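As structure tokens, the structure follows; a few thoughts come after it.
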Amino acid sequence: MSKEHPTKAVRVAIQRPLYKLLDYACDVDIQPKPGCRVKVSLGNSVITGIIVETDVESEFATLKPIIELIDESPVIDEKLMGLLHWSSSYYFHPLGEVLFHALPVDLRKGKSVPKVEIWNATSAGLELPKDELKRAPKQQAMLDYVIQKDGADANNLKQLLGDNWRNTSRELIKKELIAIEEIDPQKLTAPATHVFSVNPPHQLTEEQQQCLTDIDAHFNEPKLRPILLHGITGSGKTEVYLSVIAPILKAKKQVLVLIPEIGLTPQLLSRFRQYFPDSNIDCLHSGLADGERTRVWLGAKTGSIDIVIGTRSAVFTPLLNPGMILIDEEHDASFKQQEGFLYQGRDMAIKRAHDLGIPILLGSATPSLESLYNVEKERYHYLRLNNRPGASNPPDIALQDIRTLPLDAGISSLMMTDIRQHLDNNNQVMLFLNRRGFAPVLMCQDCGWHAVCSHCDMGMTYHASMGKVICHHCGYEERVKSTCPDCNSTKLTTQGQGTERIEEVLNTHFPETPVIRIDRDSTSRKGSLEEKLELVNSGEPVILIGTQMLTKGHDFPKLTLVGILDVDQALFSMDYRAHERLAQQVLQVAGRAGRGAAKGKVILQTSQPQHPMLLSLLSQGYANTAQQILNERKLWNYPPLGCQALVRVNALDLQLAHNFISTLGADLAAINSEKVMLLGPMPSPLARRAKRYRFQLLISAEKRGDLHGFLHSVLSIISKIRKTGGVRWVIDVDPVDFL
DNA sequence: AGCACGCCGACT
DNA sequence: GTCGGCGTGCTC
């Protein structure tokens, strides 16, 4: 199209898998800014878009007009827009979807940004006689607070009064002692100066103090680098975090804290609230209602929230005065988003901190090889905490050769004796088994039939408590009948064990001791995890059985024995990351033991007591073992040395999926680049999942630039292949999961 | 992703 | 003759 009639236009991103932006005409009387949302027409429907660029010369002669400008000021500020742009191109994901991903659901749907509500005392409230609210202490507290602060917002009040604060507010409004004023967030002045104080729980140890001094020094270097804090389990990383954060808050800046998705939010939140009693602290996690999410988003954006604690997606929270970013358990796999927009939250955070010029601290007892490699390359500072405060020492891990021991449901007789002993000493015991359900195999003794998922072609796990077999890959479930579906035999039996079966066996062995199972099945009801944790925290002798839910962050002082039941399959996994993950998991679980006065003991059952990785982990510790694994990766140029991307294709029809990936594979092979290596196309390790046939193609390169360039070719080839029969494809940059 | 358009088989 | 299946391509 010609450029003879250039049009003043804006460029808009929409929430569609579309690798381009659309131009719209803009009325002269509206003032579009990048980052503002608009309503536009697309085809015959009206959708929400986000302005990316203004004053563009469109190559289209005629443009549809913008229907409405939703925001006067941007919902995505310039800095955040830059980060999102960057991640869109780094992860080869359409910009529109990336931008919308960074907004709370309400705003994605086009709802206007809510007004900020400010609670003020009315004149009646200001003049209220002293004892009038004597029988309503909460109302009195709220009224006093609002008067003292000269206007409080929802975040202040929630913090002051807890989750039911709206009820208190409603009563005071009914009595006309307090009124709500609605303010346009754009017209909000700088956040009300708030009192800052710290409530230190106890002194830092000498080692923690030294660490803090080092961090402060690094934060003040002209060229900021991320800091990796490698502190053994129980070394008090949280105490260091709190001390690091304090001066940032004191300077009236905000702190973003990212944590894994394992329900640790409440513990950390209360720890932070206790330490910073006058700061506004809020969480962002998957369990939040849409409205609540928007409230926290707005609170962070307007500066009324000082600390945002959140999981992966919180990395995109807007901040008025960003002061620093903290990532706890930085090695955790849940920082990688596994569907839709496939990004690494930890890497995004590092990029964001860099762009903002603010410090970032990564903490872990078992740092990822990626981070350790960055230390080696001197891109990160490295600090260590090697000791547990007080008398407590890290537990020793003992390997137990189970080949010669009698087993009951996978628990050795020696382990049973140890459990008995620790319980008799009034202590608590924890067993770790990363497999939920009763048994991974349900089979017929007569004909060899076993339960297989009809959607995935993989074995289904038997869940005795529900009387079902469940596919752990797609969730498909079936009721279990008393006879074999193939031969009608009644000799159905199970093989192997999951947490349910362990629970049952322990209940019969230790009928007088409560057995607490913590896995996704036993904690799905809201509040049930809290109930169970409370029982453990009572300090009574109990046996805990859990999956990886139980591995991180928990502090059970009476826990002295940890048993790790089944690590053998991870030792021989095809996945080159299996050893790294196993080492992390073993140390994280082991770290739950001996956090109180009594020394902890950890027993690791294995049929491979000579395995070099296990021996190394036990005798040389994590840092050395990680270094060895890293050296192996160097030999093969696996990440974090080289870099990878995975193209995944799936379809309901095997042939269609196969045709697609073969065409792509052939076209890419024809490029014959020396800089990249192709592995595949091949069936995915999980070749069928949820009725869809799956193939993949792994692309490796030594240099990121080469990989990136090659992925452009991938994208352009894919766009030329005709996609029939609903073939779906994704590009996964820096994949962590090859399933 | 939606959605319309268009080209072929099978139905009142 | 037309209804509707899905393959194809576009959305400013």
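Nothing here was measured: the structure is a model prediction, and the numbers come from that model. Chain naming here is simple, since letters A, B, ... match the order of the sequence lines and numbering starts at 1 in each.
- Using cut-offs of 30° and 60° for the angle between ring planes, the A:Y576 and A:Y638 rings count as parallel.
- Between the CD1 atom of A:I14 and the C1' atom of B:dA1 there is a distance of 9 Å, given to the nearest Å.
- Within the 4.5 Å cutoff, no side-chain heavy atoms of A:V98 are placed close to those of A:Y343.
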| Taking it one step at a time, do A:L256 and A:F316 satisfy side chain to side chain contact (heavy atoms under 4.5 Å, CB included)? | CA-CA 10 Å; A:L256 178 62; A:F316 299 118; over 6 Å; no
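- Within residues 97-104 of chain A, no residue is approached by DNA chain B to less than 4.0 Å at the level of any non-hydrogen atom.
- Within the 4.0 angstrom heavy-atom criterion, base atoms lie near A:L18.
- In this structure, A:W729 atom CH2 and B:dA1 atom C1' are separated by 12 Å, rounded to whole Å.
- Across the protein-nucleic acid pair, A:L63 atom CG and C:dT11 atom C1' stand 13 Å apart, rounded to whole Å.
- A:F60 places its CZ atom 9 Å from the P atom of C:dC12, with the value rounded to the nearest Å.
- A donor-acceptor pair under 3.5 Å is formed between the side chain of A:R352 and the backbone N or O of A:V315.
- The side-chain contact (heavy atoms from CB on, under 4.5 Å) test applied to A:P114 returns A:T294, A:L298, not counting sequence neighbours.
- Atom-to-atom, OH of A:Y19 to P of C:dG9 comes out at 19 Å; the value is rounded to the nearest Å.
- A:K20 places its NZ atom 10 Å from the P atom of C:dC12, with the value rounded to the nearest Å.
- If you check residues 32-52 of chain A against DNA chain C, the residues with a heavy atom closer than 4.0 Å are A:S41, A:L42, A:G43, listed by number.
- Distance A:E53 CD to C:dC12 P: 18 Å, rounded to the nearest Å.
- In this structure, the side chain of A:D27 does not engage the main chain of A:D29 through any donor-acceptor pair within 3.5 Å.
- For the pair A:R728/A:F660, no side-chain contact is recorded, criterion being any heavy-atom separation below 4.5 Å from C-beta on.
- Counting only distance, with no hydrogens or angles, the side chain of A:E580 and the backbone of A:L369 share a donor-acceptor pair below 3.5 Å.
- The interatomic distance linking A:L95 (CG) with B:dA1 (P) rounds to 17 Å, in whole Å.
- Look at A:R16 and you'll find a side-chain N or O under 4.0 angstrom from OP1 or OP2 of B:dG2.
- Within the 3.5 Å criterion, the main-chain N or O of A:L686 finds a donor-acceptor partner in the side chain of A:R694.
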